2 protein chains.
Amino acid sequence: MGIEQISPALIIGTGLVGASIGCALSEAGVVVHLKDRDRSHAIVAAGRGAGRLEAPDPAQVKLVVVATPPAVIAQVVAASLEKYPNAVVTDVGSVKTRITSDLQALHINLRRYVGGHPMAGSHQSGPLTAAPELFVDRTWVISARPENPDWAVERTRQLALTCQARIRELDAAEHDRAVAEVSHFPQLVASLTAARLAQVPSEDLRLAGQGVRDVTRIAASDVTMWRQIVSANTAPIREQLVAMRDDLDHLIGALDDPRVVIDLLTRGNEGVRALPGKRGKRPDEVISVVVEIPDAPGALGQLFASITTNGVNIEDLSIEHDPDRPAGYLSIDVAPERADALRQLIREHGWGLRS
Amino acid sequence: MGIEQISPALIIGTGLVGASIGCALSEAGVVVHLKDRDRSHAIVAAGRGAGRLEAPDPAQVKLVVVATPPAVIAQVVAASLEKYPNAVVTDVGSVKTRITSDLQALHINLRRYVGGHPMAGSHQSGPLTAAPELFVDRTWVISARPENPDWAVERTRQLALTCQARIRELDAAEHDRAVAEVSHFPQLVASLTAARLAQVPSEDLRLAGQGVRDVTRIAASDVTMWRQIVSANTAPIREQLVAMRDDLDHLIGALDDPRVVIDLLTRGNEGVRALPGKRGKRPDEVISVVVEIPDAPGALGQLFASITTNGVNIEDLSIEHDPDRPAGYLSIDVAPERADALRQLIREHGWGLRS
């Protein structure tokens with residue numbers, strides 16, 4: 001088993017995701033054919049190394065990846081199942097239940113269709129920024145159904161593995177609820193926030209800093225694609241929006257009450273902490289080395305300089321207070337393999353380590 | 001006129017902003033004294049090069065920068081005006097009208113107080129990440145009042161210039177409305193969104209990607225500081241929250257109506273575009289070079305490779321379509337001084353430039 005079970009592959013739709021899959025597969029040695037309604041997209045994707053433009057022999061194709069806009073995925077999957085009789089057909093759509101129900105309504109045998117969703121992308125669209133590493137260490141959801149034979153699921157897994165993604169198997173409904181919570185709802189919040197900015201005097205926008213840019217960054221996303229995603233997943237999205245409106249109503253009514261504001265800000269802190277990892281790292285991937293802050297700034301300056309010149313990459317830093325002593329402690333988070341070097345460095349400077 | 005008019009300076013409060021100001025001033029040659037209720041913060045700040053821990057001679061101090069938590073700024077400004085009789089006192093508070101009205105209520109002569117607000121910071125707090133370049137090219141609002149003599153305003157300007165910030169003069173009310181729109185409101189939206197995440201199953205959070213992390217990043221900010229900011233600027237913040245609630249209500253009621261969703265997403269696109277610049281650049285700082293996409297992917301691959309090896313930094317790329325022709329155009333945005341080199345490169349490859 002290996003890439004031969006998915007080679008040759010056909011990618012239909014060469015936007016950012018389709019073209020990036022093509023780049024990753026091609027780099028791994030898979031023969032990739034590209035197809036797009038818009039030939040200039042396919043040309044650009046091919047120019048970035050995503051694959052070739054020639055049509056494949058339909059009988060030979062082992063895997064079809066449907067990476068079209070969401071609204072036409074079901075239709076392209078149905079046509080592909082018919083045209084490529086020996087291929088497993090998968091897709092990259094952000095909503096899974098609707099595609100399956102649309103296909104079931106067409107009374108198509110879905111044994112060879114295995115739903116997928118690589119959780120990577122960008123507010124940029126199109127193949128211009130396609131890159132083979134787009135999926136490395138990202139989650140790739142596979143929504144297999146009982147009727148899928150093992151070999152069909154296996155080819156879909158091989159696709160995700162070749163793109164170096166982390167596979168997560170989830171049924172369609174579970175997937176759709178989760179993406180409503182962590183993707184579709186935040187998308188609409190970003191749009192609601194950015195829509196406000198469109199109403200304020202442009203003079204005022206000159207005071208915008210990084211914070212509002214981050215909050216609204218994804219509001220620059222493709223309107224057509226997101227309209228299609230939202231309309232395919234309205235029920236779980238609405239649940240989140242209603243919950244937020246209740247919080248918002250409460251806040252508006254009690255903006256002068258510090259307890260209410262503190263409660264909201266604290267829950268916001270908790271929500272950010274609940275997101276797994278920090279810059280993609282899990283908490284068990286860093287170690288905290290704690291050093292007593294020397295009561296002489298020159299010494300601390302030397303420590304910072306030593307850390308930098310010794311190539312110890314600091315993941316996080318925080319000051320901890322000791323209520324019984326005037327000076328505090330500095331907690332330095334580093335990768336586990338660097339912790340000993342850092343402890344050594346601190347000892348060499350003669351400072352107090354706290355275990 | 002130069003740094004001698006603000007040297008020695010005293011910085012009260014050595015969190016991220018105070019310590020970074022200290023670093024920038026020290027680097028420029030200003031003698032900086034540091035003061036913090038929490039000595040370990042002042043020590044860490046001094047260790048990062050922000051200044052010295054010794055107390056200054058009160059009569060000598062020419063500039064006091066109050067960089068304490070918002071709730072105590074007015075009180076520290078009042079005490080500083082009294083203790084440092086020859087100093088101009090400025091602050092870094094995010095809300096300006098409340099400080100002035102609190103000071104006026106104390107019947108203090110405010111000739112030597114000039115409000116300021118450097119628009120830089122981070123969701124991180126404390127002096128550990130302090131850096132002299134925090135304010136470079138960032139906006140620094142100065143809210144002078146008619147009673148301020150020119151020399152007092154001039155010292156405040158010198159402070160901002162020495163930190164390499166861009167000065168913007170705005171009266172306190174204008175400032176407070178603008179920051180409610182572009183800073184305080186987005187902060188609360190981030191908290192509201194992150195507060196939702198704290199309620200969803202942790203399994204679902206494993207599907208979180210970069211989008212939701214961006215939307216909620218600033219929700220990790222300091223609760224105490226933001227509670228103080230919000231309570232000092234409730235009226236203009238409430239206006240934004242109410243406007244968003246109206247949009248949200250409308251969206252919840254019409255989530256199945258594609259026109260409503262398209263309208264929101266489109267307004268969101270407009271809002272992001274309305275933010276000045278792209279990655280900090282103004283639109284007039286890039287030039288678009290447009291090349292016809294050659295109908296052969298190998299050629300395009302060569303072009304990408306050439307652009308990279310020739311060190312032309314691409315600011316943005318987009319595909320433009322020509323309805324009358326099968327292939328499209330590639331629009332490549334570069335810094336003005338690189339445009340000729342790029343055009344030359346394209347001609348060398350024998351491709352069609354569109355002026």
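Since we're looking at a predicted model, the values are computed, not measured. First the proteins, then the strands, lettered A, B, ... as listed; each starts at 1.
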>> Report which part of B/S183 has an atom under 4.5 Å of a heavy atom belonging to chain A: side chain, backbone, both, or neither.
In response: neither
>> Looking only at heavy atoms and a cut-off of under 4.5 Å, which of A/L248, A/L170, A/T266, A/V261 has the most pairs with chain B?
In response: A/L248
> Hey, mind stepping through B/M225 and A/L265 against side chain to side chain contact (heavy atoms under 4.5 Å, CB included) and telling me if it holds?
Replying inline: CA-CA 10 Å; B/M225 183 182 80; A/L265 294 168; over 6 Å; no
> When heavy-atom pairs shorter than 4.5 Å are enumerated against chain A, which of B/V230, B/L264, B/L251 gives the highest number?
Replying inline: B/L264
> Measuring from B/M244:CE to A/Q199:CD, what's the distance to the nearest 0.5 Å?
Replying inline: 13.5 Å
>> Can you tell me how far apart CG (A/L275) and OG (B/S202) are? Round to the nearest 0.5 Å.
In response: 11.0 Å
> About how many Å separate CD of B/Q210 and CG of A/D214, when rounded to the nearest 0.5 Å?
Replying inline: 9.0 Å
> Quick check: does any side chain N or O of B/R217 sit under 3.5 Å from a backbone N or O of A/V215, one acting as donor and the other as acceptor?
Replying inline: no
> Looking at residues at least two apart in the chain, or sitting in another chain, which of them share a side-chain hydrogen bond (donor to acceptor under 3.5 Å, both in side chains) with B/S191?
Replying inline: none
> Of all of B/A46, B/A208, B/P186, B/A195, which one pairs up most often with chain A through heavy atoms under 4.5 Å apart?
Replying inline: B/A195
>> As an exercise: rank B/V189, B/L128, B/I262, B/L205 by heavy-atom pairs under 4.5 Å with chain A and give me the winner.
In response: B/L128
> About how many Å separate CG of B/N269 and OG1 of A/T216, when rounded to the nearest 0.5 Å?
Replying inline: 11.0 Å
>> Tell me the closest heavy-atom pair linking B/V272 and A/A219, and the distance in Å.
In response: CG2-CB, 3.7 Å
> For the residue pair A/G268 and B/A194, what are the closest heavy atoms and their distance?
Replying inline: O-CB, 3.3 Å
> Side chain, backbone, both or neither: which part of B/R52 has an atom under 4.5 Å from a heavy atom of chain A?
Replying inline: neither
> What option among A/V212, A/V200, A/L255 has the most heavy-atom pairs under 4.5 Å with chain B?
Replying inline: A/L255
> Most heavy-atom pairs under 4.5 angstrom with chain A, which of B/Q187, B/E270, B/E181?
Replying inline: B/E181
>> Heavy-atom pairs under 4.5 Å with chain A - which of B/E174, B/R267, B/H175, B/H117 has more of them than the others?
In response: B/R267
> Going by an N to O cut-off under 4.0 Å, is there a salt bridge joining B/E203 and A/R177?
Replying inline: no
>> If you compare all heavy atoms of B/P276 against all heavy atoms of A/R206, which two are closest, and at what distance to 0.1 Å?
In response: CG-CA, 4.1 Å
>> Tell me which of these, A/D257, A/D249, A/I237, A/T224, has more heavy-atom pairs under 4.5 Å with chain B than the rest.
In response: A/D249
> So which heavy atom on A/V141 is nearest to which on B/L207, and how close?
Replying inline: CG2-CD2, 3.7 Å
>> Can you tell me how far apart CD (B/Q240) and CD1 (A/I252) are? Round to the nearest 0.5 Å.
In response: 11.0 Å
> Roughly how far, to the nearest 0.5 Å, is the CZ atom of A/R196 from the CG atom of B/L241?
Replying inline: 10.5 Å
>> Which one wins on heavy-atom pair count under 4.5 Å against chain A: B/T139, B/L188, B/L330, B/V182?
In response: B/V182
>> I need the residue from A/D247, A/V179, A/L53, A/L192 with the largest number of non-hydrogen atom pairs under 4.5 Å to chain B.
In response: A/L192
